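A single structure is presented below for examination.
Please read all numbers here as calculations on a predicted model, not as lab measurements. The chains referred to below are lettered A, B, ... by the order of the sequence lines, with proteins before strands, and numbering in each begins at 1.
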Amino acid sequence: MSELIAQEALPGLVAKWLAQGKRVAGPSVVKPGYCLYVELKSSAQLALEGFIRPRNSIKEFVFPHHEAICRYHFSGHTVETEDCDPPQVDQVIVGARPCDAAALPILDHLFTWDYEDKFYTERRKATTVVTLACQAHDDACFCTSLDLGPAAEQGSDVLLLAVPGGYEVRCLTDKGRALFAGETRTVEQTAVVPPGPPVMVAPGTIMAFLQARYDDPMWADLALRCLGCGACAYTCPTCHCFDIVDEGTAAGGCRVKNWDCCQFAMFTQHASGHNPRSGQSQRQRQRIQHKFRIYPEKFGVMLCTGCGNCARNCPVGLGVLSTLKETAGSAPVEVGV
Amino acid sequence: MTGQLRERCRRLLQDGAVQVVIGYGVSTSDGMPHPIFVRRPDDVDKLIWNEQCMANLTTYLTRDAVKALGKPAIVVKGCDARALVVLEQECQIDRSAMHVIGMACAGVGSPRAPKCASCDVHVPAAADEVIGEAPAQTGPADPPYAELEEFLQKSPAERFAYWREEAARCIRCYACREVCPTCYCPRCIVDKNRPACLDTSATVKANFAWHVTRAFHQAGRCTGCGECTRVCPVGINMRLLNQSLARAADEHFGYRAGTNRETPPIIGAYGLEDKESFIR
């Protein structure tokens, strides 16, 4: 027994959410070969099949690329400031991939840690995530290595699974139930979840490697290829670094919180000119260390869902997975070294 | 051609003629050719050449970590080789301190990269040696600015709407800049923050400022390799923008960046016959 929504009914439901004034985001083909999560203006824009996963992630709907946090203006010799309120949104993300949804509980740790970032938490509270289980994977996918899979439920309010003629609807939270109440009918059939990618790396061994081989020459070799752009971090569901900058004129302006990326040379550049991570090898190592050692040591979860966007979007084919495979291929780490 | 390439590189490394080969190797993750740095003769079998060798490797020549490896041999396609000319003219590389292996090329990518339709450099010019022969039947090349000409058929309002939509998607990852051989500034104008020259927010307005500024900085310098467009995660066709300025340089000054090392770069040269009609 399961709950079902017919294939043709789903766009109607999306249209209903839009008509209710909700902000709705989902995958859309913006140009041939480019499927992105975008804010949907109509249900016709929504694309649910024909691609492995969007090239970006859903994080931008809870942690936008840029966000005003304070406005200021100069008045004589004084500066007047005015805090910006966290946004009031009521939004639904439909057709999220499980590897995107699973990033949200991971990000919650960071944004509610020693300081609650209301710009994140307010959006998060007002967001309902309707995830669509994966029917296919490609060579970049490695969710199963992170204890996730094509129908992982972490971070989702509703999980949809494709069945002939529609989608099985598994409501996982009250928020999810509210969205689909009265929209489904009970049927006999239940969905079959296709197998995910094979398990390719073991997080435990990665952590051991990272603890023991901080200065491994591997990092310098790997990083030679890295161009130092932010395509990996900016399309990663879990990367969350930001920069606070003031933008404006001599009269005043805005303090904004913008995405930043640990692969940029400027990321750690001090005002003195000194840069503690002066080379790309240190920056590449930092990215992997943060994801698979520092974050789990601090919060108990890996900062990665195995979505593979880093590899797909890297100009030179350097993803987290290929790096992890390098660590796995290195000499075994002796415990206690 | 892969066999020939490997043998040549084995010899170059064995003889100590070069210390590193910057070439393409097959990635274990996606089976596609990506940049590799081969430093030992025993590793030359990692090198490969096929029509998926998209990357323009010349972007590595100006990077400190790569320069530190010693004298390089570099594998280039005809389109990539044009960047070598620009880099040499702009005193960014010492052309005599590297060995350039040109690969004859019938086109890359499946489907073919847009740049290949107008390719007139199937055999790289100014390489130290060329592996392979010119493809037998390449057919007549499209006019160099065909894609741009088609775009210019649209009205200014339509074109603005197009670029507005493109700019709205930009996430400022700067993959376009980092992959570009002629974007080699140690500190890009967008990274200047004392004072800031360009906003780093990914707003439509600031993204316009970024892409237009970058295009202007590429005027008469962009060689049309199209790497910026290939690597963009959100599919912005920056090559189209750059082609507009390339065409201006061509029409007004008869100049095509990277095609002739004897022609002084237009940004750095002045002639009495230079047109001034565009100054208003």
Side chain from CB out, backbone as N, CA, C, O: work out which of these in B:Asn193 comes under 4.5 Å of a heavy atom of chain A, or both, or neither. side chain
Side chain, backbone, both or neither of A:Val256 within contact of chain B (heavy atoms, under 4.5 Å): side chain
Proximity breakdown for B:Ala196 and chain A, heavy-atom pairs closer than 4.5 Å: neither
Can you tell me which portion of A:Phe264 sits under 4.5 Å from chain B's heavy atoms? Options are side chain, backbone, both or neither.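 The side chain, not the backbone.
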When the 4.5 angstrom heavy-atom criterion is applied to A:Cys254 and chain B, the contacting part is neither
Given that the side chain runs from C-beta out, which part of B:Tyr174 has a heavy atom under 4.5 Å from chain A: side chain, backbone, both or neither? both
For chain B, which residues from residues 55-68 of chain A lie under 4.5 Å away (heavy-atom distances)? A:Arg55, A:His65, A:His66
Distance in Å, A:Leu227 CG paired with B:Cys183 SG, rounded so as to fall on 0.5 Å steps: 12.0 Å
Assess whether a salt bridge exists between B:Arg172 and A:Asp260, defined as any Lys/Arg side-chain N lying under 4.0 Å from an Asp/Glu carboxylate O.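 No, this pair does not count.
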Closer than 4.0 angstrom, basic N to acidic O: yes or no for A:Lys31 and B:Glu166?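 A salt bridge is present here (some side-chain N lies under 4.0 Å from a carboxylate O).
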Proximal component of A:Leu36, with respect to chain B [non-hydrogen, under 4.5 Å]: side chain
Interface residues of residues 197-212 of chain B facing chain A - non-hydrogen atoms under 4.5 Å apart: B:Asp199, B:Thr200, B:Ser201, B:Ala202, B:Thr203
Rounded to the nearest 0.5 Å, how far does SG of B:Cys232 lie from OH of A:Tyr34?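 Going from OH on A:Tyr34 over to SG on B:Cys232, the span is 6.5 Å.
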